[in-house]
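Report on the following structure.
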Amino acid sequence: RISLQGNPHIDETMGQDADAERPLTAADWAIGQQRFRTNFEPLSADAAAPVALHEWLQLDARSRDRKTPYVAVAAGDEERRYSMAPAMIEMAGQCLQGWQTLQELAGIVTPFTERLEQEIRAEVAAEHQAELDAQSEASETRVREIQEKIEVEIASKIRSRLMQLASRKRDR
């Protein structure tokens with residue numbers, strides 16, 4: 001698993017603006033960059049059902065039809081709305097999907113990830129314990145075999161020495 005602990009809002013799908021009034025998308029960042037200016041133009045008054053991009057990204061494909069996503073920029077007391085090139089909208093969607101994938105991999109979105117990790121750890125621990133038990137039994141068997149062999153050798157040596165002693169007494 002990965003850790004997203006460096007992000008202060010790891011459980012949210014989008015970051016918040018400085019006033020925490022609305023979610024931010026990659027397009028909210030891009031509109032402030034000179035190199036992306038060609039992807040934005042003021043929202044026309046006849047735009048079909050304008051919807052903030054962060055809300056539009058949450059809609060399913062069918063609900064997005066006939067809606068125009070926009071990014072709002074505050075300029076003093078007034079808010080200016082900008083429509084975006086399709087490539088910018090797609091980029092914002094891909095960034096959101098990428099973040100959601102990272103959240104999934106980190107186990108933030110899906111609670112079964114932690115449970116699955118615990119199950120895997122328990123399974124690995126059980127396999128490890130079974131292996132240790134098998135090795136322990138094998139070593140105990142080997143120790144018994146060596147012990148029996150030594151006992152047989154000792155008994156044989158004692159018997160032969162006793163026989164030697166017994167034969168000496170007869171010879172006297």
Side-chain angles (χ1 to χ4, degrees), residues 1-140:
R1 285 193 6 192
I2 61 173
S3 172
L4 301 177
Q5 295 304 317
N7 186 318
H9 307 286
I10 62 174
D11 56 341
E12 296 178 16
T13 56
M14 294 183 214
Q16 298 287 321
D17 66 353
D19 301 327
E21 292 180 8
R22 64 184 176 92
L24 296 175
T25 65
D28 290 293
W29 169 81
I31 198 166
Q33 303 292 312
Q34 185 64 34
R35 61 187 168 184
F36 297 116
R37 285 278 180 198
T38 58
N39 291 294
F40 299 92
E41 59 184 48
L43 187 65
S44 64
D46 62 342
V51 176
L53 179 61
H54 66 273
E55 293 172 2
W56 187 87
L57 289 170
Q58 302 300 320
L59 300 173
D60 60 28
R62 189 172 184 196
S63 300
R64 290 178 179 179
D65 281 349
R66 298 188 181 103
K67 290 189 170 80
T68 305
Y70 68 85
V71 174
V73 176
D77 289 338
E78 68 180 64
E79 178 182 85
R80 293 187 185 155
R81 294 179 175 180
Y82 294 89
S83 62
M84 295 156 281
M88 182 59 61
I89 297 168
E90 184 175 335
M91 181 272 308
Q94 288 175 350
C95 287
L96 178 60
Q97 288 176 345
W99 175 244
Q100 289 171 333
T101 299
L102 289 173
Q103 288 177 312
E104 184 74 33
L105 291 172
I108 294 165
V109 177
T110 307
F112 77 84
T113 305
E114 188 173 322
R115 187 185 80 229
L116 182 63
E117 180 181 356
Q118 290 172 350
E119 289 173 4
I120 290 171
R121 285 184 187 276
E123 186 178 313
V124 168
E127 288 175 4
H128 181 68
Q129 188 60 46
E131 187 177 320
L132 286 175
D133 292 344
Q135 287 179 355
S136 177
E137 189 171 324
S139 66
E140 286 175 11

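Counting begins at 1 with the first residue of the sequence.
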Show me the side-chain donor-acceptor pairs of residues 40-49 shorter than 3.5 Å, one per line, residues at least two apart or across chains.
from, atom 1, to, atom 2, distance (Å)
S44, OG, D46, OD1, 2.8

Seminar exercise, completed: Residues at least two apart in sequence or cross-chain that pass ring-ring contact (aromatic ring centres under 6.0 Å, His included) with F36, listed by chain then number, are W29
Exercise. What pairs with Y70 under side chain to side chain donor-acceptor pair (under 3.5 Å), at least two apart in sequence or on another chain?
Worked result: R81
For this session: Not counting sequence neighbours, list each pair that qualifies as a side-chain hydrogen bond (donor to acceptor under 3.5 Å, both in side chains) and has a residue in residues 49-60.
Result: D60-S63
For this session: Could you tell me whether Q33 atom CD has more than 12 heavy atoms of other residues or ligands within 6.0 Å of it?
Result: yes
Problem set entry | Distance-minimising heavy-atom pair for M84 and A27 | SD-CB, 3.8 Å
For this session: With rounding to the nearest 0.5 Å, note down the distance linking OG1 in T25 to CG in L53.
Result: 4.0 Å
Problem set entry | Partner set under side-chain contact (heavy atoms from CB on, under 4.5 Å) for E127, not counting sequence neighbours | E123
Problem set entry | Partners meeting side chain to side chain donor-acceptor pair (under 3.5 Å) with Q94 (sequence neighbours left out) | E90
Problem set entry | Those residues that, when tested against Q129, pass side chain to side chain donor-acceptor pair (under 3.5 Å) (two or more places apart) | D133
For this session: Kindly give the heavy-atom pair with the smallest separation between A26 and A92, and that separation in Å.
Result: CB-CA, 4.3 Å
For this session: Using salt bridge (Lys or Arg N to Asp or Glu O under 4.0 Å) as the criterion, list what pairs up with R64, not counting sequence neighbours.
Result: none
For this session: First locate atom CD of Q135, then atom CD of E131, and finally report the distance between them rounded to the nearest 0.5 Å.
Result: 5.0 Å
Problem set entry | Any residue meeting side chain to side chain donor-acceptor pair (under 3.5 Å) with R62, in chain and number order, not counting sequence neighbours | none
Exercise. Can you name the nearest heavy-atom pair linking G93 to L57, along with the distance?
Worked result: CA-CD2, 3.7 Å
Problem set entry | Summary of salt bridge (charged side-chain N to carboxylate O under 4.0 Å, His left out) pairs that have at least one residue in residues 27-39, sequence neighbours excluded | R22-D28
Problem set entry | Any residue meeting side-chain contact (heavy atoms from CB on, under 4.5 Å) with L102, in chain and number order, not counting sequence neighbours | I2, L4, W99
